[in-house]
Amino acid sequence: MAATSRENGSSYHMVSDMSLRGYQDRIARESVGKNVICMLPTGAGKTIIGAEVTRRMLEQYSEPILKFPSPNSSPLRHSPSGKMKQQMGIGANRNQGGSVLFLVPSRILVAQQAEVLRSWLNDKHNGDYIVVEYKGGDSLLPPPHDVIVSTPKAFQLAQERERARQENDENGGTRARAIYLSWESYSLVVFDEVHHCLKKHPYRNLALSIQSTKERLGCPHRPCIFGLSASLSYQFQISEIKKAIEQLCHDFLIDKLLSASEDELSVAGYTGGGVDIVVKPVDVSLIRKIEGLVPELDREPHRIAQVFISRIREEKGTSFSLALWNATLDLEAVAGWVTVDKENRKLLMKRGYSGRSYRSPITEEDVPIKKWGRHAHDYGHLHPVFTFLEHFYEGMRIQALSWEEGEDACYMFLQMMFDKTIGSIKFCQRRFEELPPETLPKSMNLPIKKMELEKMFECLSSFWEKVKGKVCMARLDSLRDILLERLTYHSCFRGIIFVDQRVVTHVLSYFISTDPKLKEHFRCACLYSSATSATASLPLSKTACKENIEQFRNGRINLLISTNVAEEGMDIPSANVVIRFDVVHTGVSLVQVCDTSIDI
């Protein structure tokens, strides 16, 4: 675990009030009409450079290139006809140049980067450009536009839908939309966080599609490519980094790699590089002493669930994992009794139940580990045992994804969910008695029987007895020490904790809010992509994400707990303490976590 501290980071300013720094102007000037990758440290202003390159390209390409000649001749420019202008939505005074596609890696960044572009193009430079946002879904790509900000997956799916539409339409589909979905209509494609092209990611699919189009047309600079990143490799070794850079240059037909020297950054007033890094690692020896951890050679990311299950069945896992597994099997047995009970069958059949006993997702090969909790959650309105079972499935997922090193987070997660579940299901005080329906939540109307409750609580009690006092809490203890230590250094504490799993954001928030030493000083909130919930019972809405960021900005919240969604380009106000809770797996994360000021 590493803590990063910065006293004087850059804060968010209205883009229209900003001026280009010297190195930003140089890079933008050298990038027009070329295929360029710009690598600058986080907070050095990559987004503004992208906005300036966008502005210059829109001004330079005043008319669209609608036809491509042979590779040995220069492109011919054609003004669109009046009918085509109407189809494309181009007015008499509108810019008729090739559009710009500005790609961002996540939906949460679309609105933020679109706002930066509008402010820079129109407010700062008195332009009249149409900047649209596109996040996919069932909506169609909205023509007309000069700039479209989109996720790569959304744009890729829009292209695929349009191709299918044209194949089924004798008239060739909607002409205006087809124009805006073809690479030929774009003078520039910006890849924000371009390093994603190095892995299996929609970015790479689009990069290869552009490369194919350029080869077919014999035009290496239509569209031009402008890539942005603070790091061009996920690797740490020099040789591997070199290979990654060569791969990017090959895929994008790159003409130049541009950056800024330390002197240029310093003269321009950039201070992000002067981060004071305070490292206080977890005592790894304590974690490594846990018997039964997955050996390093067996840690194959594509076989996480299989490795976990096979080891547990062979009783090779940690004592905590084995206790968790056995308790889960016992709860599944109780769930089986509930679903085959004759008195319950009629109620279950009305809800579409097949009539068979409860089927464990563990034995279903087509049910991935990430869906185990959802499987039990779908039964949760029938009986409380399914609610507890959901939490145990999610606990096993935490263990599996951490190679069984995350038992502290798993233990704290189960404690958090038990507190919530026991508080909402009012049967604790009379758990060994028949309960009248009015004592249960309205959604749970199956008969709750003494035998079922006895066995369920026996399973839970047995699990807690086995693991209590035996869980390695080294990371949580280290986190407490770091937070209290950094609190003494900053009169106005503002921190971000980065984690790998969404569910761990909730776990750490619970830990901090219930710890006697921490809860008085820290006001926490979670932040991750709202497209997918942490668990079936722990959603985080898009509105909640925005509110959490705003409250962090105005000081009502002084500690954000986030996944890597905040590492890459999000408009997060400067933090003076940044903590990496999990191990840094890639060079990209190492670079991104060292500075979290707005990337403009």
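Both backbone and side-chain heavy atoms feed into the values below; hydrogens, waters and symmetry mates do not.
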Between Y203 and D192 (side chain of the first, backbone of the second, donor and acceptor by atom type, cut-off under 3.5 Å), is there such a pair?
yes
Using every non-hydrogen atom in the two residues, find where K46 and C38 come nearest and quote the distance to one decimal.
CD-O, 4.3 Å
Could you tell me whether the side chain of L121 reaches within less than 4.5 Å of the side chain of V147, counting heavy atoms only?
yes
Quick one: are Q156 and L206 in side-chain contact, heavy atoms under 4.5 Å?
yes
Quick check against the 3.5 Å criterion: does S209 have a side-chain atom that pairs as donor or acceptor with the backbone of N205?
no
Would you say that R502 contacts S533 through its side chain, given a criterion of any heavy-atom pair below 4.5 Å between the two side chains?
no
Which is it for T47 and Q113 under the side chain to side chain contact (heavy atoms under 4.5 Å, CB included) test, yes or no, and what are the steps along the way?
CA-CA 8 Å; T47 300; Q113 303 300 63; 3.3 Å; yes
Are the side chain of S212 and the backbone of L208 linked by a donor-acceptor contact shorter than 3.5 Å?
no
Within this structure, what is the CD-CG distance for the pair Q211 and N35, rounded to the nearest 0.5 Å?
11.0 Å
Gap separating the CZ atom of R556 from the CD atom of E547, nearest 0.5 angstrom
10.0 Å
Would you confirm whether the ring centroid of F511 sits within less than 6.0 angstrom of the ring centroid of H506?
no
Has K519 got a side-chain atom pairing as donor or acceptor with S513's backbone, closer than 3.5 angstrom?
no
On a heavy-atom basis, the closest approach of F498 and T563 is CD2-O, 3.6 Å
Look at D515 together with R480 and state whether they make a salt bridge at an N to O cut-off of under 4.0 Å.
yes
In this structure, CD1 of I579 is separated from CD1 of I561 (nearest 0.5 Å) by 9.5 Å
Would F522 and F493 count as a ring-ring contact (aromatic ring centres under 6.0 Å, His included) if you check the C-alpha gap in whole Å, the side-chain angles of each, and the deciding distance to 0.1 Å?
CA-CA 9 Å; F522 301 101; F493 180 94; 5.1 Å; yes
Cationic N near anionic O, under 4.0 Å, R118 to E115:
yes
May I ask you to decide if R107's main-chain N or O and S529's side chain share a donor-acceptor pair within less than 3.5 Å?
no
One thing to verify: whether E59 and R55 come together as a salt bridge, which I'm taking to mean a side-chain N less than 4.0 angstrom from a carboxylate O.
yes
Residue pair S150 / L101: nearest heavy atoms and the distance that separates them:
CB-CD1, 4.4 Å
For the residue pair V131 and D146, establish whether any side-chain heavy-atom pair is separated by less than 4.5 Å.
no
R21 (side chain) donor-acceptor with V267 (main chain) under 3.5 angstrom
no
To the closest 0.5 Å, what do you measure between CD1 (I557) and CZ (R523)?
8.5 Å
Quick one: closest heavy-atom pair of A268 and Y23, and the distance?
CB-CE2, 3.6 Å
Strictly distance-based, threshold 3.5 Å: is any side-chain N or O of R222 a donor or acceptor partner for the main-chain N or O of E184?
yes
Working for side chain to side chain contact (heavy atoms under 4.5 Å, CB included), residues V149 and Y134:
CA-CA 6 Å; V149 183; Y134 185 62; over 6 Å; no
What verdict does the side chain to side chain contact (heavy atoms under 4.5 Å, CB included) test give for C545 and L527, after you've listed the backbone C-alpha separation in whole Å, the side-chain angles of each residue and the deciding distance to 0.1 Å?
CA-CA 6 Å; C545 283; L527 182 65; 4.1 Å; yes
Between OG of S106 and NZ of K153, what distance do you get to the nearest 0.5 Å?
15.5 Å
Closer than 4.0 angstrom, basic N to acidic O: yes or no for R26 and E264?
yes
State whether the side chain of S402 and the backbone N or O of I398 hold a donor-acceptor pair below 3.5 Å, judged by distance alone.
yes
As an exercise, state the distance from CD of E52 to CG of L20, rounded to the nearest 0.5 Å.
5.0 Å
Within the side chain of N558, is there an N or O that forms a donor-acceptor pair under 3.5 Å with the backbone of C492?
no
Any side-chain heavy-atom pair of V100 and L117 under 4.5 Å:
no
Carboxylate-amine/guanidinium proximity below 4.0 Å for D25 and R29
yes
Student check: side-chain heavy atoms of L483 and I512 closer than 4.5 Å
yes
Any side-chain heavy atom of V190 within less than 4.5 Å of one from L188?
yes
For T505 and C526, the nearest pair of non-hydrogen atoms, with its separation, is O-SG, 3.4 Å
Full working for side chain to side chain contact (heavy atoms under 4.5 Å, CB included) between V116 and F102:
CA-CA 12 Å; V116 170; F102 200 109; over 6 Å; no
Please report whether the ring centroid of W183 lies less than 6.0 Å from that of F155.
yes
Might you point out which heavy atoms bring M57 and S187 nearest each other, and give the distance in Å?
CE-O, 3.3 Å
Counting only N and O atoms by type, is there a donor-acceptor contact under 3.5 Å from the side chain of K34 to the main-chain atoms of C224?
no
Does some side-chain heavy atom of F191 sit less than 4.5 Å from a side-chain heavy atom of L228?
no
